[in-house]
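One structure is given below, encoded as structure tokens.
Both backbone and side-chain heavy atoms feed into the values below; hydrogens, waters and symmetry mates do not. All chains are named by letter (A, B, ...) in the order of the sequence lines, taking the proteins before the strands, and each is independently numbered beginning at 1.
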There are 2 protein chains.
Amino acid sequence: MDLIDYKILSALHENARISMSEMSRAIAMSQPAVTERVRKLEEQGVIRGYRAELAPDKLGKKTSAFVLFKTNNCPDFTRFCEEAPEVVDLYRISGEYNYLMKVLTDTTESLAQFLDSCHPFGFSTTMIVLSTAFEDKSPVPGAME
Amino acid sequence: MDLIDYKILSALHENARISMSEMSRAIAMSQPAVTERVRKLEEQGVIRGYRAELAPDKLGKKTSAFVLFKTNNCPDFTRFCEEAPEVVDLYRISGEYNYLMKVLTDTTESLAQFLDSCHPFGFSTTMIVLSTAFEDKSPVPGAME
DNA sequence: GTTGAAAAAACAGAGGA
DNA sequence: TCCTCTGTTTTTTCAAC
């Protein structure tokens, strides 16, 4: 993992659909070499995958919230969350609460409904997202410019 | 926005590097039609971008945490967070706290350092991520299979 | 929206520094 | 490990329908 790898990761984090050839031009290295490095980064698990970033509100999901949860029924709770389309992220955390999840719903009403459906598993505190300052900043060292 | 658009969004959320031709095979529609739909989805802002999903721990970021923050100095605080490489997400939220941020650091020590550097802006509660059950589930309606 | 042909581009491989 | 060069495959573009 050297500077060139960081450049590759930065480029792919910024635009996952860039071609190997175009990237090779951007970072001044031959296309076969870049392709091989990307292959290795994928193999090592540094690159987990490539995702389109979608706008939830354009899909009708106008409400997003973080929900802190306290439960003593972890396996069932995680299964419940996996199957709930509202829950997009689920983290196990330290502190007063057990879990933190990110939830997307159409409206605040459907958020309330979802929270009701969680009730059997424990209790929660909800923080509605008023605005997103930024999201998904690159974790690559020296990726700021 | 119909079922075909949802299929396109699902496919791109699962693998952003899929070619238009391959996707056209997967969803049984001609390639020019798929390309045109993708172009429109990008134009409408439904697709915000394409990013490689990286493994923070493979980049040395072994500690991740959510930090709740309470400040009365919002503009300066958001600028501070934008410039802090540790902060990858920043949300303004409702409730007792002002902001929620996701933070990536090398170690718990560097997390503590970062929290110290935040201190001038207000006070915080930190929840360390013990494990990630799942992340980035698709927000596309009917994307479960 | 479809098909089909032409053009462009990207990718994979060999050989060598 | 990287580069250049080349052949092949693939994708995209652009017509006409």
Side-chain angles (χ1 to χ4, degrees), chain A residues 1-55 57-60 136 138-145, chain B residues 1-62 106 136 138-145:
Chain A
M1 288 276 288
D2 58 7
L3 186 64
I4 293 176
D5 283 329
Y6 289 157
K7 284 187 184 174
I8 289 173
L9 294 173
S10 262
L12 286 171
H13 188 263
E14 194 178 290
N15 174 20
R17 285 184 68 79
I18 190 173
S19 71
M20 296 300 119
S21 338
E22 197 181 331
M23 198 154 60
S24 75
R25 283 168 228 139
I27 66 182
M29 175 179 251
S30 76
Q31 173 263 312
V34 171
T35 305
E36 180 61 11
R37 275 170 178 262
V38 170
R39 196 195 61 72
K40 281 183 184 162
L41 289 166
E42 289 170 348
E43 193 183 68
Q44 295 172 317
V46 181
I47 299 173
R48 282 220 199 99
Y50 306 93
R51 301 190 169 298
E53 194 184 307
L54 309 178
D57 59 302
K58 297 283 171 65
L59 292 163
D136 285 318
S138 175
V140 180
M144 320 253 300
E145 45 234 86
Chain B
M1 288 276 289
D2 58 7
L3 186 65
I4 292 176
D5 283 328
Y6 290 156
K7 285 187 184 175
I8 289 173
L9 294 174
S10 262
L12 286 172
H13 189 264
E14 195 177 288
N15 174 20
R17 285 184 68 78
I18 190 174
S19 70
M20 296 299 120
S21 342
E22 198 181 331
M23 197 154 59
S24 76
R25 284 167 226 138
I27 66 183
M29 176 181 251
S30 77
Q31 178 267 318
V34 171
T35 304
E36 180 62 10
R37 276 171 179 260
V38 170
R39 196 194 60 72
K40 281 184 184 161
L41 289 166
E42 290 171 348
E43 192 182 68
Q44 295 172 316
V46 181
I47 299 172
R48 283 219 197 100
Y50 305 94
R51 3 198 65 153
E53 195 183 306
L54 309 178
D57 59 303
K58 298 281 172 67
L59 293 164
K61 309 291 177 191
K62 306 266 189 193
D106 292 7
D136 285 319
S138 175
V140 180
M144 321 254 297
E145 43 233 84

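A heavy atom closer than 4.0 Å to some atom of DNA chain C occurs in no member of residues 46-53 of chain A. Taken residue by residue, residues 17-30 of chain A places heavy atoms nearer than 4.0 Å to DNA chain C at Ser19(A), Met20(A), Ser21(A), Arg25(A).
Atom pair Gln31(A):CD and dA12(C):P shows a separation of 8 Å (rounding to whole Å applied).
Taking a heavy-atom distance under 4.0 Å as the criterion, the stretch of DNA chain D touched by chain B extends 5' to 3' from dT11(D) to dC14(D).
Residues Arg39(B) and Glu36(B) are paired through a salt bridge, judged by an N-O separation under 4.0 Å between the basic side chain and the carboxylate. One finds no salt bridge joining Asp106(B) and Lys62(B) here, because no Lys/Arg side-chain nitrogen approaches an Asp/Glu carboxylate oxygen to under 4.0 Å.
No side-chain heavy atom of Tyr50(A) sits less than 4.5 Å from a side-chain heavy atom of Ile18(B). You'll find the side chain of Leu9(A) reaches within 4.5 Å of the side chain of Met1(A), heavy atoms only.
Looking at every heavy atom in both residues, Pro139(B) comes nearest to His13(B) through CD-NE2, 4.2 Å. Among all heavy-atom pairs drawn from Ser24(B) and Ser30(B), the shortest one is CB-C, 3.9 Å. The minimum heavy-atom distance linking Gly45(B) with Ala55(A) is given by the pair O-CB, 3.3 Å.
Here the straight-line distance linking atom NZ of Lys7(A) with atom CG of Asp5(A) works out to 11.5 Å at 0.5 Å rounding. Taken to the nearest 0.5 Å, the CE atom of Met23(B) stands 10.5 Å off from the CZ atom of Arg37(B). Expressed to the nearest 0.5 Å, how far CZ of Arg51(B) lies from CG of Leu12(A) amounts to 11.5 Å.
OP1 or OP2 of dG1(C) lies within a sub-4.0 Å distance of a side-chain N or O belonging to Arg37(B).
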